[in-house]
Amino acid sequence: MGLAQRLHDETKSLHTAAERSGVMQELLRGTVSAQTYATLLASLRAIYAALEAGLREVQRRHPEFHALDSAAFARVDALEGDLSALCGPPSSWPRAHALADAYATHVASLVTDDPPRLFAHAWLRYLGDLNGGQIVARILRANPATAGLPTGFYEFPALADPRAAAAAWRSALDAAPIDAAGADALVREAQDGFRRHIALFEALASRQVPVSSPSE
């Protein structure tokens, strides 16, 4: 069994739980508030900033992983565009949730601790954006209560065929020079990533999101 298939199979229950957690349920029902959505975007921005910086560094240091280049999937610029459209200048953006900051710190630590484990988070985030994220975007646009929310985060204009790009990345992951122990560690890392998402999504549910202070 390839690593990509292992990741799918061995995180399936956690993936389902994440989809049903907190703010994700609000997104899928089209009931998320603008305030909660802004805090979600800010939290994802913190995570992606750490992930994308880490992936660039791994690509620089480890040429054996060049086939796993994910620059075309990068989300920070799209998230910042959505935050600007929703909240105005950066000084008005809400802070990322503390759980997102902790997740970002963990992701950044992998660059030196165990670089291949970063690909677990790339798999979790980017392939989710390219697949399930498209469903979320359609719901937000179709629901009158959320139709005005910006959805650039879910758009990949640089990719002619997002599904083909996702399939190619999965194939590159299967072919990557990762041994059995490394594959086990990567699966555990993906499982931990989903648990972190579940905790964050629960914390971001509208009933739990306080009035956000602007960023310093």
Side-chain angles (χ1 to χ4, degrees), residues 8 11-49 51 72-100 103 121-166 193-215:
H8 175 272
T11 65
K12 190 172 183 179
S13 62
L14 287 166
H15 191 172
T16 299
E19 290 175 338
R20 297 174 178 172
S21 297
V23 70
M24 283 304 301
Q25 278 291 288
E26 296 175 14
L27 288 171
L28 291 171
R29 291 171 180 162
T31 60
V32 69
S33 69
Q35 180 187 24
T36 298
Y37 189 63
T39 306
L40 172 63
L41 294 176
S43 297
L44 290 174
R45 175 181 173 270
I47 294 167
Y48 273 105
L51 176 60
F73 302 152
R75 297 289 81 201
V76 169
D77 287 349
L79 285 161
E80 292 182 348
D82 283 350
L83 281 163
S84 293
L86 186 59
C87 303
S91 60
S92 299
W93 297 354
R95 292 190 179 97
H97 193 280
L99 288 173
Y103 190 165
H121 299 284
W123 172 85
L124 189 165
R125 283 294 346 160
Y126 291 134
L127 271 62
D129 299 334
L130 287 163
N131 292 292
Q134 305 311 300
I135 297 171
V136 172
R138 286 196 293 272
I139 291 170
L140 292 176
R141 293 166 186 153
N143 193 297
T146 56
L149 296 177
T151 56
F153 168 62
Y154 302 104
E155 298 167 5
F156 290 83
L159 299 178
D161 188 337
R163 286 183 179 274
F194 273 114
R195 292 187 187 100
R196 290 175 182 270
H197 275 79
I198 290 167
L200 176 63
F201 292 159
E202 288 291 340
L204 288 178
S206 288
R207 65 184 183 276
Q208 298 186 45
V209 176
V211 175
S212 300
S213 300
S215 303

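Quick caveat: nothing in here was measured; it's all calculated off a predicted structure.
- Proximity of a side-chain donor or acceptor of W93 to a complementary backbone N or O of G88 within less than 3.5 Å is detected.
- Taking the side chain as every heavy atom from C-beta outward, L14 and H197 never approach each other to under 4.5 Å.
- Taking both residues in full, the closest heavy atoms of D82 and G152 are given as OD1-N, 2.9 Å, listed atom of the first, atom of the second, then distance.
- Between L200 and R196 the shortest side-chain heavy-atom distance does not fall below 4.5 Å.
- For F201 and F194, the distance between ring centers is not under 6.0 angstrom.
- Cation-pi geometry between R75 and Y154 is not satisfied (NZ or CZ under 6.0 Å from the ring centre, within 45° of the ring normal).
- Nearest heavy atoms, A38 versus L83: O-CD2, 3.6 Å.
- Among the candidates V32, V23, T146, the single residue satisfying the side-chain contact (heavy atoms from CB on, under 4.5 Å) test with Y37 is V32.
- Although no hydrogens or angles enter the test, the distance criterion places no donor-acceptor pair under 3.5 Å between the side chain of N143 and the main chain of I139.
- The two residues I198 and A18 come nearest to each other via the heavy atoms CG1-CA, 3.6 Å.
- Considering every non-hydrogen atom in both L99 and A199, the closest pair reads CD1-O, 3.6 Å.
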request  = Let me see the working for L124 and H15 under side-chain contact (heavy atoms from CB on, under 4.5 Å), right down to the final yes or no.
outcome  = CA-CA 9 Å; L124 189 165; H15 191 172; over 6 Å; no
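- Between R29 atom CZ and L140 atom CG the span is 14.0 Å, to the nearest 0.5 Å.
- Remark: T39 OG1 to R95 CZ distance equals 11.0 Å, nearest 0.5 Å.
- We find the CD-CG distance between E26 and L40 to be 10.0 Å, quoted to the nearest 0.5 Å.
- With hydrogens and angles ignored, the 3.5 Å screen pairs a side-chain donor or acceptor of E202 with a backbone N or O of G22.
- Of all heavy-atom pairs spanning S43 and H97, the tightest one is OG-N, 3.0 Å.
- Relative orientation of the F153 and Y48 rings is perpendicular, given thresholds of 30° and 60° on the angle between their planes.
- Considering every non-hydrogen atom in both V136 and M24, the closest pair reads CG2-CE, 4.2 Å.
- Taking OG1 from T151 and CG from L41, the interatomic distance works out to 10.0 Å, rounded to the nearest 0.5 Å.
- By the 4.5 Å heavy-atom criterion applied to side chains, H121 and Y103 are counted as neighbours.
- The neighbour count for R141 CZ, taken as heavy atoms of other residues, nucleotides or ligands under 6.0 Å away, is above 12.
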